[in-house]
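All remarks here apply to the structure that follows.
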Amino acid sequence: MINLTLKDGSVKQVAKGTTLEELARAISQGLARNAVAGKVNGELKDLSFPLQEDAQVEILTLDSEEGLEIMRHSTSHLLAQAVKNLFPGTLLGIGPAIANGFYYDFDSEHVFTPEDLEKIEQEMKRLAKEDYQFTCRTVSREEALNYFQEKGEKYKVELVNDLPEEARISMYTQGNFTDLCAGPHVPSTKMIKAFKLQSVAGAYWRGNEKNKMLQRIYGLAFAKAADLEDYLFKLEEAKRRDHRKLGLELDLFSLHDEGPGFPFFHPKGMVLRNILEDFWRKEHQKRGYVEIKTPIILHRSLWEQSGHWDHYKENMYFTKIDDQDYCVKPMNCPGGMIMYKTKLRSYRDLPIRCGELGLVHRHELSGALHGLLRVRNFTQDDAHIFMLPSQIKEEIIGVIDLVDYFYKVFGFEYHVELSTRPENSMGSDEAWEMATNALEDALKAKGMDYKINPGDGAFYGPKIDFHLKDCLGRTWQCGTIQLDFQMPEKFDLTYIGEDGEKHRPVMIHRVVYGSIERFIALLTEHYAGAFPTWLAPVQVRILPITDKQNEYAKQVRDLLSEQDIRVEIDDRREKINYKIREAQTEKVPFALVIGDKEVQEQTVAVRRYGEQKTETMPFGDFVALIKDEILSKKIRQI
RNA sequence: GCCGAUGUGGCUCAGGGGUAGAGCAGCUCACUCGUAAUGAGCAGGUCGUCGGUUCGAAUCCGACCAUCGGCUCCA
């Protein structure tokens, strides 16, 4: 007999060799019915796994994320089986579970169409009902190679060959379909109930653009139909938050064929930009930053010196002036270098925190452009901090705190990544290690959770990245802190130390918003276009009921305007319902309805965005209310 | 850049080898109105661009451009 410690802490004694499925049945029929897999000492196992010794055991159902993930993975096998049945000769790539679903990559002469997806989905449903068991078989490397070679599955052969020496190689079979897979899987295809094929997309084999592009079929899978419906509904809802749609509706910005990736900001979008910039300047001044502005076009020699010419050329735009090569800046740092060198610096001057709202241009691949989230010109809220080596940690922490402060003001949740040395980079291993450690130390000192993003650093240094989510949950890098030992070297930056000798400063590149454009996009999606009052392009719209109240309305407007409140009057000869509807559609935080009664009593009838009720109050009270809301940057949940 | 899809008035979309339609928005007129759309009328499009097929192309074909979803890349 062996002792199994269950999830609730209780211990169950069973015969050696009892499978997880038998264990589940011994616990309860319900559990046995819903079990998809198990976890033995933290390792995921099939239900058919026989227990040989004392262990911590957990039976997984679709109620857990892990259970769902296993089922999603199994669904990808089901997809592959259906595709193989309908399109014989299709070769298999990989097919993992992903958030909310799964995908499978295929190599096929046939190009999958949306109509094919429907057929495949039907076939999947048919196969699921067949109640095929997922059976696992451990095989030798030779056997696996022979099997896949014989079938011409060259991608699988490649995968097998790349498996480490000691790897246990297993194959899973359901019905007429067998795939290389580490598992585990649900016991039977009938556990797969609520799924939907979503789209086909090209995807390079192993994510490398030098490899062949395969066809990736994406699908959704949930525990039950209602969950799938819920998710599809949420997707539709999320699309209403899309900044591209809202940007047009709210008249914030536009994009045109004449300038793909070069956004046009409209008056209302400019209000947002300017508020973000004003807030930025104020907070940076408080923290000892100065601000500069450097040119957008600079001579080729500067970019050769900085290393951009060698390491960043594919992303840069060029021009000729008087027969000389010039570059449109993709980054602000070289300009900052020139500024630093305009005079002799003393250790007493450091750190120098030098900010710049700099417009940079980068040639992004046409297929990568995406609203304001990925553009070809954008304004970085950049700063370069020049400092003594002894100031590194404190300065990094200062920036981490600053970013955290900013994101909290907007109500953003974020996650942090540490990006390490990329392939095409410059500098010595020691310098990279030093810089990476310094960043990691600062993160640890702050007790922050972070994930490592190997090889994703800038070519001159590692970085801490701050990521925010868009309406569909895709994450975008915004803030970043990059520690750089290379530029000071390349530009021979120096300061005079206490000892009277020249020394090399260290520098940080950092942004908080990241790019104003991207940040505006994320703000728009975050608030679903209903900006908090302090950010709203129009804060108050006054709605006189008839033109008899126009005069009082104008008085109200002028008084608000004097208080720097962004206010408009809608004095069109429309019904009040119509005006209210428009104010709501345009997501103006406050609509002030003014009729005879309000004129009489010198009050305003306040209707807030998203609320049905109105509150009539003395005008002075309203001013106090809105001013407080603006000053405190209040975020209201709607 | 690559794979797939899409491209019809400012917006949303219908239509489809015989030469273009709706709703909203806009403009004009009437209505002076109390918390999410008053009514009537008018105007607006070389159907993404360029080629080809055809007696005839917005419709079929090709190339290109842009957009969308991915891949790759990145603030």
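In what follows, chains carry the letters A, B, and so on, assigned in the order in which the sequence lines appear, proteins first and then strands, with residues in each chain numbered from 1.
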Taking for each residue the nucleotide of RNA chain B bearing the nearest heavy atom, is the 5' side occupied by A/F378 or by A/R244? A/R244
Side chain A/N577 and base B/U35 donor-acceptor under 3.5 Å: no
Expressed as a whole number of angstroms, how long is the span from A/Q477:CD to B/A75:P? 5 Å
Inter-nucleotide P distance (B/G18, B/A36), Å rounded: 47 Å
Could you tell me whether the phosphate oxygens of B/G1, OP1 or OP2, come under 4.0 Å of any side-chain nitrogen or oxygen in A/S366? yes
Atom C1', compared across B/G23 and B/G9: separation rounded to whole Å: 13 Å
Per nearest nucleotide of RNA chain B, the residue lying toward the 5' end, A/N377 or A/L472, is A/L472
Record whether the side chain of A/R510 comes under 3.5 Å of the base of B/A75 through a donor-acceptor pair of N or O atoms. no
A cation-pi test, strictly: NZ or CZ of A/R287 under 6.0 Å from the centre of the six-membered ring of A/Y405 and no more than 45 degrees from its axis. Yes or no? yes
Interatomic distance where CZ belongs to A/F590 and P belongs to B/A36 [whole Å]: 18 Å
Measuring only the P atom in each nucleotide, how far is B/G70 from B/U19? A whole number of Å is fine. 42 Å
Is it the case that the base of B/G1 and the side chain of A/Y204 share a donor-acceptor contact (distance under 3.5 Å, atom types as modelled)? yes
Pairing partner (Watson-Crick or G-U wobble, both distances under 3.5 angstrom) of B/C73: none
N or O in side chain of A/Y578 less than 4.0 angstrom from B/G34 OP1/OP2: no
Would you mind pulling out the nucleotide paired to B/G45, Watson-Crick or G-U wobble, both distances under 3.5 Å? none
I'd like the C1' distance from B/U32 over to B/G48, given in whole Å. 46 Å
Measuring only the C1' atom in each nucleotide, how far is B/A20 from B/U8? A whole number of Å is fine. 8 Å
Measure distances between side-chain N and O atoms of A/E598 and base N and O atoms of B/G34, and say whether any donor-acceptor pair falls under 3.5 Å. yes
Name each donor-acceptor pair under 3.5 Å that joins a side chain in residues 90-102 of chain A to protein atoms two or more places apart or in another chain, with its distance.
residue: A/T90; atom: OG1; partner: A/F87; partner atom: O; Å: 2.6
residue: A/N100; atom: ND2; partner: A/Y231; partner atom: OH; Å: 3.1

Is there a side-chain contact between A/R474 and the phosphate of B/G70, meaning an N or O under 4.0 Å from OP1 or OP2? yes
Under 4.0 Å: is that the gap between some side-chain N or O of A/R216 and OP1 or OP2 of B/G69? no
Do other residues, nucleotides or ligands put more than 12 heavy atoms under 6.0 Å from A/K234 NZ? no
Testing B/U72, B/C33, B/A75 for proximity to the side chain of A/K575, the answer is B/C33
Taking the basic N atoms (NZ, or NE/NH1/NH2) and the acidic carboxylate oxygens, is any pair closer than 4.0 Å for A/K239 and A/D242? no
Any idea which heavy atoms bring A/Y552 and A/Q602 closest together, and the distance? OH-C, 3.2 Å
Quick one: A/R572 CZ to B/G39 C1', roughly how many Å, whole number? 16 Å
Say we look at B/C3 and B/G45: how far apart would their P atoms be, to the nearest angstrom? 37 Å
Taking NZ, NE, NH1 and NH2 as the nitrogens, is one of them in A/D570 or A/R541 under 4.0 Å from a carboxylate oxygen of the other? no
Just to confirm, is there a sub-4.0 Å distance from OP1 or OP2 of B/A36 to any side-chain nitrogen or oxygen of A/Q612? yes
Taking pairing as Watson-Crick or G-U wobble with both contacts under 3.5 Å, can you name the mate of B/U28, or confirm there isn't one? B/A40
Using a cut-off of strictly less than 4.0 Å, decide whether A/H370 has a side-chain nitrogen or oxygen near OP1 or OP2 of B/G69. yes
